[in-house]
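Below, chain A is the first sequence line, B the second, and so on; all start at residue 1.
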Amino acid sequence: KAGVTQTPRYLIKTRGQQVTLSCSPISGHRSVSWYQQTPGQGLQFLFEYFSETQRNKGNFPGRFSGRQFSNSRSEMNVSTLELGDSALYLCASKQRNTGELFFGEGSRLTVL
Amino acid sequence: EDQVTQSPEALRLQEGESSSLNCSYTVSGLRGLFWYRQDPGKGPEFLFTLYSAGEEKEKERLKATLTKKESFLHITAPKPEDSATYLCAVQPTTSGTYKYIFGTGTRLKVLA
């Protein structure tokens with residue numbers, strides 16, 4: 001059974017640019033959530049999607065957005081990048097009955 | 001306010017030297033507590049789920065336990081390959097079923 005797939009794994013952008021990250025959940029999982037991980041803050045919740053609907057959102061500015069498609073694949077977008085957006089962005093799909101999250105390898109974003 | 005605190009922040013053990021990692025939590029109601037292992041540059045890997053006080057789960061050299069206020073991850077006779085960051089997360093019953101609060105982790109280093 002394939003795990004959670006995130007692309008791209010690494011990317012470098014400059015301030016002011018925008019970026020789109022992609023996540024394919026485990027087959028059969030309909031819930032996808034996104035987290036930002038930085039050394040100082042740990043894992044911070046960005047948002048969660050279920051059946052193409054955003055069900056919960058963390059305390060991030062409106063520059064961070066996401067969506068989910070009918071096949072449960074999800075994308076997140078960060079516009080007008082800032083230096084502080086440099087982080088590992090993790091996607092997780094959820095096992096519905098147990099609540100267990102299964103993470104992808106992450107997308108490492110560096111903003112210069 | 002819902003909160004998760006892990007201690008110690010970092011731990012160095014000799015191979016074979018058993019120890020415990022702590023995860024203290026403050027939530028109005030607990031839906032589940034989760035342990036993850038994270039290797040550098042990778043996404044967290046699911047280890048255990050605990051749902052109620054008194055519950056224990058075991059896997060190889062790891063054993064997780066849960067009380068009403070904290071969880072312990074016991075590592076028995078660790079090996080160098082157990083070196084990683086161990087994350088604890090709680091899912092509170094409030095704020096819907098989609099919110100997970102992560103601790104900042106314990107960085108474990110096992111020396112040969």
Side-chain angles (χ1 to χ4, degrees), chain A residues 1 3-7 9-10 21 23-26 29-51 53-59 66 68 74 87-110, chain B residues 1-10 21-25 27 29-52 55 57 59 64 66 71 84-107:
Chain A
K1 191 173 185 182
V4 177
T5 303
Q6 290 189 247
T7 57
R9 288 292 315 280
Y10 304 92
L21 310 178
C23 171
S24 293
I26 292 172
H29 288 190
R30 294 164 61 190
S31 169
V32 173
S33 53
W34 290 87
Y35 289 81
Q36 181 194 66
Q37 186 176 36
T38 58
Q41 298 294 319
L43 269 86
Q44 300 292 310
F45 173 73
L46 282 156
F47 26 66
E48 176 172 1
Y49 288 87
F50 180 85
S51 294
T53 301
Q54 185 182 93
R55 299 229 270 193
N56 204 3
K57 190 177 189 327
N59 295 324
Q68 187 180 34
S74 177
L88 181 66
Y89 290 88
L90 292 162
C91 168
S93 70
K94 186 167 76 171
Q95 176 78 24
R96 187 174 186 181
N97 294 337
T98 62
E100 294 154 2
L101 297 178
F102 294 89
F103 287 87
E105 296 287 272
S107 293
R108 170 75 64 185
L109 171 65
T110 301
Chain B
E1 181 185 351
D2 298 331
Q3 197 169 357
V4 175
T5 303
Q6 291 189 246
S7 62
E9 286 187 18
L21 313 182
N22 178 263
C23 171
S24 297
Y25 61 92
V27 293
L30 181 70
R31 190 181 300 275
L33 184 143
F34 308 87
W35 281 98
Y36 291 86
R37 169 196 169 123
Q38 186 174 24
D39 293 301
K42 295 195 172 184
E45 175 189 348
F46 170 75
L47 292 174
F48 303 109
T49 308
L50 301 166
Y51 295 106
S52 57
E55 190 174 0
K57 293 275 180 72
K59 178 181 178 181
L66 181 64
S71 177
T85 295
Y86 290 85
L87 298 169
C88 166
V90 299
Q91 187 185 20
T93 54
T94 55
S95 304
T97 62
Y98 316 110
K99 182 178 179 181
Y100 295 76
I101 304 166
F102 280 82
T104 53
T106 294
R107 294 189 312 277

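- Judged by distance alone, with hydrogens and angles left aside, the side-chain atoms of Y51(B) form a donor-acceptor pair with the main-chain N or O of T98(A) at under 3.5 Å.
- One finds the CG atom of L101(A) at 6.5 Å from the CZ atom of F34(B) (value rounded to the nearest 0.5 Å).
- Neither the backbone nor the side chain of I101(B) comes within less than 4.5 Å of any heavy atom in chain A.
- Across all their heavy atoms, P44(B) and L90(A) have their closest contact at CD-CD1, 3.7 Å.
- Residue contact with chain B, scored on non-hydrogen atoms closer than 4.5 Å, involves the side chain of Q37(A) exclusively.
- F102(B) contributes atom CZ, which lies 5.0 Å from atom OH of Y35(A) (distance to the nearest 0.5 angstrom).
- Around CZ of R9(A), the count of heavy atoms belonging to other residues, nucleotides or ligands within 6.0 Å exceeds 12.
- Atom CZ in R108(A) sits 13.5 Å away from atom NZ in K42(B) (nearest 0.5 Å).
- Heavy-atom minimum distance, E100(A) versus Y36(B): C-OH, 4.3 Å.
- Residues Q95(A) and T49(B) have side chains not in contact (no heavy-atom distance under 4.5 Å, counting atoms from C-beta outward).
- The most heavy-atom pairs under 4.5 Å with chain A, out of G43(B), G105(B), G103(B), come from G43(B).
- Heavy atoms of Q38(B) lying under 4.5 Å from chain A belong exclusively to its side chain.
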